[in-house]
Amino acid sequence: MNKVKTTSEKSLANNSRIVALLTQLEKINSESLLVEADTARYVTSKILHLAQSQEKTRKEMTAKGSTGVEVILSTLENTRDLQTTLNILSILIELVSVGGGRRACILVSKGGTQTLLQLLLGASKDSPPNEELMVQLHSLLAKIGPKDKKFGVKARINGALNISLNLVKQNLQNHRLILPCLQVLRVYSTNSVNAVSLGKNGVVELMFKIIGPFSKKNTGLMKVALDTLAALLKSKTNARRAVDRGYVQVLLTIYVDWHRHDSRHRHMLIRKGILQCIKSVTNIKLGRKAFIDANGMKILYNTSQDCLAVRTLDPLVNTSSLIMRKCFPKNRLPLPTIKSAFHFQLPVIPTSGPVAQLYSLPPEVDDVVDESDDNDDIETETETENENEDDKDQHFKNDDIETDIDKLKPKQELGRPIEELKIYEQFFPELAENFQEYDLVSKEPKPFASATNLGGPIVVPTAGEEHPAEANQSVKGIAVKDLSSLQMEEYNKRPCFLDLPKKDHNKDSLQLQNDQKKLLSSCQCLSQEIVKGLDRITLQNTSKNEQYYSTGCLIKKESKTSLTTPTCNKPCQHVSSCGSGLFEGPSVQLGKLCCTGVDPEEEEDSSSHSSGEQVLLEVPDMLALHDPDLYIEIVKNTKSVPEYSEVAYPDYFGHIPPPFKEPILERPYGVQRTKIAQDIERLIHQNDIIDRVVYDLDNSSCSVPEEGDILKFNSKFESGNLRKVIQIRKNEYDLILNSDINSNHYHQWFYFEVSGMKTGIGYRFNIINCEKSNSQFNYGMQPLMYSVQEALNARPWWSRVGTDICYYKNHFSRSSIAAGGQKGKSYYTITFTVSFPHKDDVCYFAYHYPYTYSTLKMHLQKLESMHNPQQIYFREDVLCETLAGNSCPLVTITAMPESNYYEHVCQFRNRPYVFLSARVHPGETNASWVMKGTLEYLMSSSPAAQSLRESYIFKIVPMLNPDGVINGNHRCSLSGEDLNRQWQNPNPDLHPTIYHAKGLLQYMATIKHLPLVYCDYHGHSRKKNVFMYGCSIKETMWHTNVSAASCDVIEDLGYRALPKILSQTAPAFCMSSCSFVVEKSKESTARVVVWREIGVQRSYTMESTLCGCDQGKYKGLQIGTRELEEMGAKFCVGLLRLKRLTSPLEHNLPSSLLDIENELIESSCKVTSPTTYVLDEDEPRFLEEVDYSAESNDEQDVESVDNAGDYEPSIQEDALSDSEATRTHLP
Ligand SMILES: [Zn+2]
C-alpha cells in the first residue's frame, strides 16, 4: 500500500479530477471501517461517471505508471457495500471494453482475476445470489479470462466452475443473466480438465437445451451457446457423451433447419457455430461413425452445394468440406502390397535400416493398411493442462542443427588405407601422361613463351578478343558453333533420321487434314494409324533370346490396325535401319525448329555485360546430341529389373524446348474444394462409379476391354513407374505409382504413356499415392505432356499442360509401415485435367522432363564423337558397376596441353580439380538437364570454355544412381536406400557408386589434389528458382543461438563466393534461398561429408526448381530444359570467375569483379546474416507462406477460412492420428 500511496501522490501534481478521486478512494480504503459507505459509493459513482463519459479518464487510469487499477481493485477487495462493488465492476467493464485487450491484460497483471473470482465465490453464498452482481462479474470475467493464461486453473481452484454452471441451470429463462455466464463457461472450457469436469456436471446436455430446437429467437444467446459447446466438445470425454446421447443427429437436424430457414443468410455465424460443434465431435472415431450413420456426408454435401453460389457462405462450405474429409471413410489403397511390384535380390541384406525392416516383415502381414487400432475411443483420456502451450512454443528449438562444434570442424579422415585407395590411380591418367604420343596443337616442342607466365594467371579472353566472325554467324540469335573441321565432318556424316528416305509406299495413309494446315511445307503428319502403330517401339525381349538382340526394334502391331505398319523383323546388321524404318514415309523436317540456343534477349544480356570475361553462352542445339538409332542401341545394353523391352517415344525421338513461354499458372478459385467434393461424390453416389482396373502390373492377366471409351496406359519403359490404373468415372482415372524397388514408399515421380483418347474431352487424372505433404502443383506448376502426333507435326516438345491442378490429402490411408511408424497418415493426390490435341494419339506424361540413363549414355557418346581431340582432353571411364550391372560413367574433361613440352605438361598436371556429380535422386531429372548444360558447355568450342578447360580438370559423375533412374525410382537405389544418406559409411556392395565416388575424392586428398569445388546437382520440388546449400561453421552456430562470437573459429568466407557469383550471372539463381547451415539430418549427404571428411571447403548441393522462378529474368515462368541447361552452362562461367578470384597473382581485374570481391569482404563483416534453415533433404520447411497454406493446421481455420479463399486448411495431423475410421470400402 505504501508504494501505491507514494506514486499516486506524485501524480497528484497533475491536478486532474480522476486523480483526486482516486486519491480519495485510496484514503477510504485505508480507513474503510471508519468511513460511511456513502462516501465510497459517492466517489466510485463519480469515477464511473467519468470513466463512462471520457476516454481521457480511461486512458489516465490505465496509463503506464498509473495506480488507478490497483486502487480500484483494492477497493473491491475491501468494500462490503453492494452498490460500491457494482460501481467498481462497472468502472472495470468500462475500462476493458475498449483498448483492444491491452487494458484487460493490465487488469490481469494486477491480479484482477483472483480478486474477481474471490468476489464470485463470496457472492455465490447469498441465496439467491444478487443477479446484477453476477451479471457484472461474469461479463468482466468473460473479458479478462482469455487474457489470463492461468485463468482455467485459477477458476477451478476457486470453485468458480460450478458457480457459473449452476447459475445457468437455475436461470435458463433469464437470458440477461445466462449470456455472460455462458461466455465465461466457454473460457473455462478451453482448459481440457475444466471441460471434462464441466461435462460430468451435465454442461453438454445443458447447452443442447439452449441451442435446440430451431428458433430465430435469442440468436445472440444461441451463438454463445454454440461456441461454448464447440469448445466443450473438443474434449474427447464430452464428445463421447454427446455421441452417446445422439446429439450428432441433433446437430445435423438443427443445421439443416437453419440452412432452410436462413434464406437471406443473416445467421451465418450460427450456422458456422453448428458446424464447429460437428467438427469438434467428429474428432473422435465414434463421432465420425455417428456422423456417417446420421447421413452426415450427404447432408453436408448437399447443403454446401447449395452454398457454393454465394461467396459469403464460403466459411460454411470450407468447414463442411473439412468435416467431410475428416469423416470420409479411410480407404485401403487397392494393392496387394505396397512393396514395389518388382523385386531385386540384393547381394547383401543390410542388418538395419529400411531394407532390413522390409525383409524382416513376415510375408503374411498386410502392409497396405495398419492393424486395427479401434481402441482410440476406449482408452482413458488423459486430459492435460494446456495453458502453457505458448511457453512451450517459445522454448521450441530445432534440434536438427548440428551444435557440436567438434563435429562441425572439418577434419580430414581418410577412412581407407592409402594402399587401398591406390586402385583409384587408374582414374587419373592425366596426372601421369606426358603426351609424347599425342597429336597436339603445337607439334614442335617449343619453349614456353614467357617465363613470367609460369603458374601464373590464365588469361581469359574478353569481349574485345572474341572472334568477330562468330557473332555474324549467329542465325536467329543462335550462336553458331565455331566448329573445327573435325566437328563439321561429324555433323555432316551424322546419321540423321530426320532426313528420312522419301519413300512413297505409305502415301495413302497421309492424313488429308494436314494438307490443309501445313505449318511447314515439308512437315506432314503420319496417319493416325501409323501413330497408333508407333505406340510402342519395342525391343525384343532381351532376356529371352540373346540371338534376337541384333534384330533390333520392331513395332508392335495394334490388333485393330488394318494398315500394314512398317515393321522390321528381319535381322539387320545395324539397328539404325530399323530406327529409320519406323519413319518411312513422308519426311519430317525438324531442322528449322531445332533451335535451343540462347535467345536474342540472352545475347543482348551477355553483350551488355560489363564483366571481364565476355561469354557468349552457347547452348548447342539439343538434337545435336540426340541420335535415335544410337539410343536404341544403348537401350539394349541397359539393364532394368523389369527387363523393359519398350522405348518411350520422347526418349527415342528426342525433344526440343517449345518456342513459347510457359507461365506459372494462376490457381483458379475453388479448385481444391471442387475436387474434394467430387471425391465425396464417390461415396454419396456410389452407383456412378465405374471402378474398373485398366492397367495392373501386379496382375499380368489384366486386360482392358476393347471399348472405344477407355484410355490405355503403359509405362513399361525406362524410368516409367505406373503400377495400376483404375477407371473411376467415364473420363476420370485413379493412377497408382510403383514404390521404389526394395522399398515400400517413395513415390512422387511419374512417367507414363496414354493412348486411345478422343478430342474435346477433359480427362481427369488422379495420382493417388503421392507422399509429400505439399507440392508446387499447388503453386502454379503443371505436369508435362509429349504428344507423338505433335512430334510428327514438327512440334516435338514436352509442354506444360493440365487445368484444375491441385495437390491435396486424400482418403487413402497410408500404412504406418510406410509412414515411419506414424499411424493415421494419408496419401496425397495430384489431380489434373487434360484435353488431348489429337484423336488416337499417343501421349506421355511426366512429373518433369525425363532424362533416362540411356539418354545420358547417348549424350556422352555423342559428345565424345564430336569433340576436337587436339583441343579437348576427354575421357569416359567406368567408375564401377551398379547393383544391376550397369556402368556408372566417370567423365574427365580438361584442355589438351598446348604441346608436350615440359612446362605445358606441367601446367596441365597442376590444374586444380573441380568435382561434379548429379542425379543421386532419380526423380530429380532437372539435375540431369543442368548437368547436360554443364557437359555441353565444357565441351564447346567457345574461347571461354577453352579458358575454363585450361584452368581446371573436371571430374564428373553425371549420374550417381543409374539403377534408380532406369527403374523409375523416385529417391532410392536398388538397395531401397537414399544414396545421399550413405556418404559417411558407404557399403561397397550396396552403394558402389557412392563408395567409389567417395574413394576418388579420398584418393585426391591423399595425392594432394583436393578439388577446389565439389558440387552435387539436385532438384527441388517445393521451392522456386535455383540455389545452393553449402557448409559453414559460423552460420550453423549462428542458427543454434550459440553466439557466433563465442566460438573462436576463424572461417574463410570462400564458400560464399561461388553462389554469389552465380546470383549475379545466372538468371534462375537466387542467393536469398541459399543456406550454409549444417544439419544433423544431412550429416551423411555428399555435401557435408565432402566438406567435413574430405576437407573441400567449397562443397555444395545445387538445387534446381521443378516449377519455375519468382525472381530474375524468368520470373513468373515455369522452368524448361533450356533454362536448366543454361544454368549448367552458367555454373561453368561462374567457375571461371571463381578462378580469377582465387588466383592470388591475378591483377588487371576488371572493376566489376572487384565489386564482387568487395561485396564478399563486406559480407564477411556481417556473416551472421540469416540463411534459410533447411529441414529435410532438398525440401526445407520453407517459410514462404504460399507453400504450406494447403496444410496449415486446424486451429488457424477459424481465422483463415474467411479470407483464405479455397486454400482451406486440412485436418490437423493430430486430429487425424486417431482417425483409423472403420474402413468402408468404396466400390
Ligand atoms: Zn535431391
Side-chain angles (χ1 to χ4, degrees), residues 430 440-441 457-471 473-474 478-488 490-491 596-598 602-603 606-607 609 611-622 624-625 859-860 862-876 891-898 907-908 911-914 916 930-956 958 1012-1013 1015 1058 1061-1062 1065-1066 1125-1140 1143:
E430 65 270 16
L440 299 171
V441 175
I458 309 294
V459 179
V460 181
T462 60
E465 287 167 327
E466 195 106 45
H467 203 282
E470 260 200 358
Q473 280 173 12
S474 66
I478 300 152
V480 170
K481 275 181 290 256
D482 179 17
L483 292 167
S484 69
S485 55
L486 190 129
Q487 278 172 301
M488 211 47 115
E490 173 59 30
Y491 263 79
T596 67
V598 186
E602 163 65 30
E603 216 181 344
S606 52
S607 58
H609 232 273
S611 63
E613 74 285 347
Q614 184 48 64
V615 183
L616 191 64
L617 250 194
E618 186 184 326
V619 184
D621 116 22
M622 209 170 277
L625 294 187
H859 285 162
L860 290 178
K862 295 298 285 182
L863 282 174
E864 180 166 24
S865 70
M866 285 160 62
H867 85 283
N868 177 348
Q870 276 190 325
Q871 219 172 30
I872 304 176
Y873 180 95
F874 176 94
R875 285 170 51 87
E876 187 192 329
V891 175
T892 307
I893 300 172
T894 187
M896 276 303 215
E898 200 180 322
Q907 191 277 339
F908 176 93
R911 292 169 190 165
Y913 276 92
V914 170
L916 305 175
V930 176
M931 182 53 86
K932 177 176 182 258
T934 294
L935 286 168
E936 277 185 290
Y937 186 82
L938 289 178
M939 296 295 284
S940 73
S941 55
S942 79
Q946 179 62 19
S947 316
L948 190 59
R949 288 190 294 266
E950 284 165 3
S951 310
Y952 299 108
I953 302 174
F954 288 87
K955 283 282 172 201
I956 302 176
L1012 181 75
V1013 170
C1015 188
L1058 185 59
I1061 291 168
L1062 291 177
T1065 53
E1125 291 188 40
E1126 180 197 60
M1127 186 62 232
K1130 292 282 190 182
F1131 182 85
C1132 298
V1133 178
L1135 289 173
L1136 201 51
R1137 288 207 184 179
L1138 184 70
K1139 168 77 182 175
R1140 294 166 146 254
S1143 167

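Looking at Arg949 and Met896, their side chains never come closer than 4.5 Å, going by heavy atoms from C-beta outward. The shortest side-chain heavy-atom distance between Phe954 and Val891 does not fall under the 4.5 Å cut-off. At a threshold of 4.5 Å between non-hydrogen side-chain atoms, the residues Leu860 and Leu935 count as touching. In this structure the side chain of Tyr952 never reaches within 4.5 angstrom of the side chain of Ile893, judged on heavy atoms. For the pair Lys932/Pro958, no side-chain contact is recorded, criterion being any heavy-atom separation below 4.5 Å from C-beta on. Here the side chains of Leu1136 and Ser947 are in contact, with some heavy-atom distance below 4.5 Å.
Side-chain atoms of Arg911 and Thr894 include a donor-acceptor pair closer than 3.5 Å.
Applying the ring pair (Phe, Tyr, Trp, His ring centres under 6.0 Å) criterion to Tyr913, with sequence neighbours excluded, gives Phe428, His1009. For the side-chain contact (heavy atoms from CB on, under 4.5 Å) test, residues two or more places apart in sequence or in another chain that qualify with Ala1066 are Phe1069, Met1127, Lys1130. Glu430 pairs by the salt bridge (Lys or Arg N to Asp or Glu O under 4.0 Å) definition with Lys955, not counting sequence neighbours.
Rounded to the nearest 0.5 angstrom, Met939 CE and Leu625 CG are separated by 9.5 Å. Atom CG of Leu938 sits about 9.5 Å away from atom CG of Leu863, to the nearest 0.5 Å. Atoms CZ and CG, from Phe874 and Asn868 in turn, are 13.5 Å apart once rounded to the nearest 0.5 Å. Atom CZ of Arg875 and atom CD of Glu864 lie 10.0 Å apart (nearest 0.5 Å). To the nearest 0.5 angstrom, Ser951 atom OG is 9.5 Å from Leu1135 atom CG. Taken from NE2 in His867 to OG in Ser940, the straight-line distance is 13.0 Å, to the nearest 0.5 Å.
Closest approach of Leu948 and Cys1132 over heavy atoms only: CD2-CB, 3.3 Å. Across Val914 and Leu916, no two heavy atoms sit closer than the pair CG1-CD2, 3.8 Å. For the pair Leu1012 and Leu1138, the tightest heavy-atom approach, listed with the atom from each and the gap, is CD2-CD2, 4.0 Å.
The aromatic rings of Tyr873 and Phe908 lie perpendicular to each other, with more than 60° between the two planes, well past the 30° mark.
Checked by atom type and distance alone, the side chain of Glu1125 never pairs as donor or acceptor with a backbone atom of Met931 at under 3.5 Å.
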